[in-house]
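Single-structure report; data block below.
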Amino acid sequence: MIHAISFEHGRLRYLDQRFLPLKEIYVETKDYRRAVDAIKTLAVRGAPLIGIAAGYAAVLAIAQFKGKKRSLKSHMAHALAEIEAARPTAVNLFWAAARMKAALNDAFETFDIPEIARRLQAEAEAIHHEEIANCAAIARHGLELLKRDFAHVLPHQRLTVLTHCNTGTLATGGLGTALGVIKVAYQEGLIEKVYVSETRPLLQGLRLTTYELEKEQLPYEAIADGASGFLMQREMIDFVITGADRIARNGDTANKIGTYSHAVNAAHHRRKFYIAAPVSTIDSAVSSGHQITIEQRGNTELTSIYGKSVAPVKTLALNFAFDVTPASLIAAIITEKGICEKDYTRSISTVVAKPMNGHKPLQPALLYD
Ligand code: MRU
């Protein structure tokens, strides 16, 4: 069992993913700045998990406040701004920060600081529990979609799937998004093998997805990022499924760098390319992928492996952490509230508006005020 993140007795506890699979190091902290740092350094990563960590970071921030109530709001505004500045692409970070902000505003006039703190913790735990439930619902919808789309082959053969980056328990705290669909489809006898692309530069596929598949005893093979086209040419991949960091209103999807190349390869070889993500990853304020901020990270992530430099010292590296796959290349977007298909603008607005678990979805105005 993987425990990616938890919050107990006023402490945030997370598995530091930078050291996996070689070392399983758990970190405990009462300091919100340490939680922010965990997000920045990718000790905690994956869009839904970043959102969960952001919620708990806000809980730590209020616990660290020692002043009078009149200055609580400015302390929290400061802390939430630091949390939001940790990474720019995964919208779940801003979405979770907005929920914490709304919880603070709702409680502020009526309650004292200890009660406000309790309410913030309840909100962070709600975000965490919802993301776990979302994964299970995404997996259910994904399974139905695969049974529909591969109805013609499934009676005779099982499927091979390619996935990119890590979208499992380590990225969500639950079953996973894309990897959750794969896990459940495997349990149901639909999957023969999972191809895992290494995901340079930080190797989330090779280090983390393999770690999860190994633990859950799914058959897998790692491949180089550049190998997907060749495998499709040889008819070794039936479909591709990945997660998302931000989905625009028109379905354009930002995900780990390399995702777009897999989607282009899939289109050329007439393979289905799916996205699996919770509705919290949809950014209703963004109309197309052009408006999504793409994180650029440091040189050395690309020029070194496990801290050891593998390029000439003066090598300049262009290290975009994400790319954008246009909606036209995506066969379906699987969410916890159902499946979006073309026309995405219509189907995405329908799932965003659909209530779930008694929670009203946040309006864009509230998310970005
Ligand atoms: O830089 P990372 O490791 O945070 O990037 C993660 C991804 O791109 C995932 O595919 C995405 O967040 C979906 S996680 C369910």
Side-chain angles (χ1 to χ4, degrees), residues 2 4-5 14-20 38-54 86-96 128 130-132 134-139 142 162-183 196-209 211-212 225 240-247 253-263 273-283 289 292-298 301-302 319-325 330 333-336:
I2 297 169
I5 202 162
Y14 59 86
L15 178 56
D16 190 329
Q17 300 188 25
R18 292 171 299 173
F19 303 105
L20 290 174
I39 298 172
K40 275 188 190 162
T41 58
L42 273 70
V44 164
R45 40 124 331 259
L49 203 76
I50 289 172
I52 296 164
R87 292 189 75 187
T89 303
V91 75
N92 308 57
L93 175 66
F94 307 96
W95 171 86
H128 191 171
E130 284 167 32
E131 291 297 15
I132 292 171
N134 290 343
C135 288
I138 288 169
L162 169 69
T163 191
H164 190 62
C165 197
N166 171 266
T167 61
T169 305
L170 291 167
T172 63
L175 193 59
T177 56
L179 207 58
V181 174
I182 292 172
K183 287 173 186 175
V196 179
S197 56
E198 55 176 345
T199 320
R200 274 286 283 151
L202 294 179
L203 301 173
Q204 289 93 329
L206 190 66
R207 294 187 302 110
L208 307 179
T209 299
Y211 170 82
E212 283 198 36
D225 290 330
V240 185
I241 185 164
T242 76
D245 285 84
R246 195 183 292 225
I247 301 171
T253 295
N255 191 51
K256 181 54 54 191
I257 192 80
T259 304
Y260 172 50
S261 306
H262 294 317
F273 177 90
Y274 304 113
I275 294 289
V279 171
S280 54
T281 304
I282 296 170
D283 186 349
I292 299 176
T293 307
I294 298 296
E295 178 178 16
Q296 270 190 265
R297 296 182 63 87
E301 276 187 2
L302 202 67
N319 186 14
F320 284 107
F322 301 96
D323 57 29
V324 177
T325 299
I330 300 169
I333 299 174
I334 307 158
T335 79
E336 72 277 20

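Read the numbers this way: they start at 1 and go in the same order the structure lists the ligands and their atoms. Basis for what follows: all heavy atoms, side chains included, without hydrogens, waters or symmetry-related copies. The shown structure was predicted, so the numbers you read here are calculated from the model rather than taken from an experiment.
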Under 4.0 Å between heavy atoms, the region of Thr177 that gets near ligand 1 turns out to be side chain
Below 4.0 Å from ligand 1: does a non-hydrogen atom of Ala321 turn up there or not? no
So, 4.0 Å and heavy atoms of Ala90: is ligand 1 close enough to count as a contact? no
Closest to atom 1 (O) of ligand 1 by heavy-atom distance, out of His164, Arg297, Lys256, Glu131, is Lys256
Measure from the side-chain N and O atoms of Glu295 to the backbone N and O of Arg87, and report whether any donor-acceptor pair falls under 3.5 Å. no
Check: Thr163 side chain, Thr242 main-chain N or O, donor-acceptor pair, under 3.5 Å:
no
task: Verify, without hydrogens or angle tests, whether Glu198 (side chain) and Asp225 (backbone) share a donor-acceptor contact under 3.5 angstrom.
output: yes
So the atoms of ligand 1 within less than 4.0 Å of a heavy atom of Ala171 turn out to be 14 (S), 15 (C)
Note: ligand 1 atoms sitting under 4.0 Å from heavy atoms of Thr172 are 15 (C)
the protein heavy atom lying closest to atom 11 (C) of ligand 1 turns out to be Asp245 OD1, 3.2 Å
Atoms of ligand 1 under 4.0 Å from any heavy atom of Asn255, numbered from 1 in the order shown, are 7 (C), 8 (O), 9 (C), 10 (O), 11 (C)
- Query: Do the side chain of Arg207 and the main chain of Gln17 share a donor and acceptor less than 3.5 angstrom apart?
  - Reply: yes
Looking only at N/O atoms, are Gln204 and ligand 1 under 3.5 Å apart anywhere? yes
So for Thr242 against ligand 1, with non-hydrogen atoms under 4.0 Å, the contacting part is neither
Quick look: Leu49 vs ligand 1, heavy-atom contacts under 4.0 Å, and the answer is neither
Practice item. For Glu336 and Val279, indicate whether the former's side chain and the latter's backbone hold a donor-acceptor pair under 3.5 Å. Key: yes
Problem - Gly46 N/O to ligand 1 N/O under 3.5 Å - result: yes
Heavy-atom proximity to atom 2 (P) of ligand 1 ranks first, among Glu295, Arg87, Arg246, Gln17, for Arg87
(request) Say whether, by atom type as modelled, one donor and one acceptor occur between the side chain of Ser280 and the main chain of Asn92 under 3.5 angstrom. (result) no
Query raised in the report: Would you say the side-chain atoms of Asn134 pair up with the backbone N or O of Pro278, donor to acceptor, closer than 3.5 Å?
Result: no
At under 4.0 Å between heavy atoms, what of Ala178 touches ligand 1? The answer is neither
Salt bridge between Arg246 and Asp283, side-chain N to carboxylate O under 4.0 Å?
yes
heavy-atom search around atom 3 (O) of ligand 1 in the protein gives Arg45 NE, 2.6 Å
Checking heavy atoms under 4.0 Å, the part of Ala47 that sits near ligand 1 is both
Is a side-chain N or O of Asn166 found less than 3.5 angstrom from the main chain of Gln204, in a donor-acceptor match? no
The protein heavy atom nearest to atom 13 (C) of ligand 1 is Ala244 O, 3.4 Å
Discussion item. Could you check whether any side-chain N or O of Lys256 sits under 3.5 Å from a backbone N or O of Thr199, counting only pairs where one atom can act as donor and the other as acceptor?
Written reply: no
| Neighbour count above 12 (heavy atom, 6.0 Å) for Tyr260 OH | no
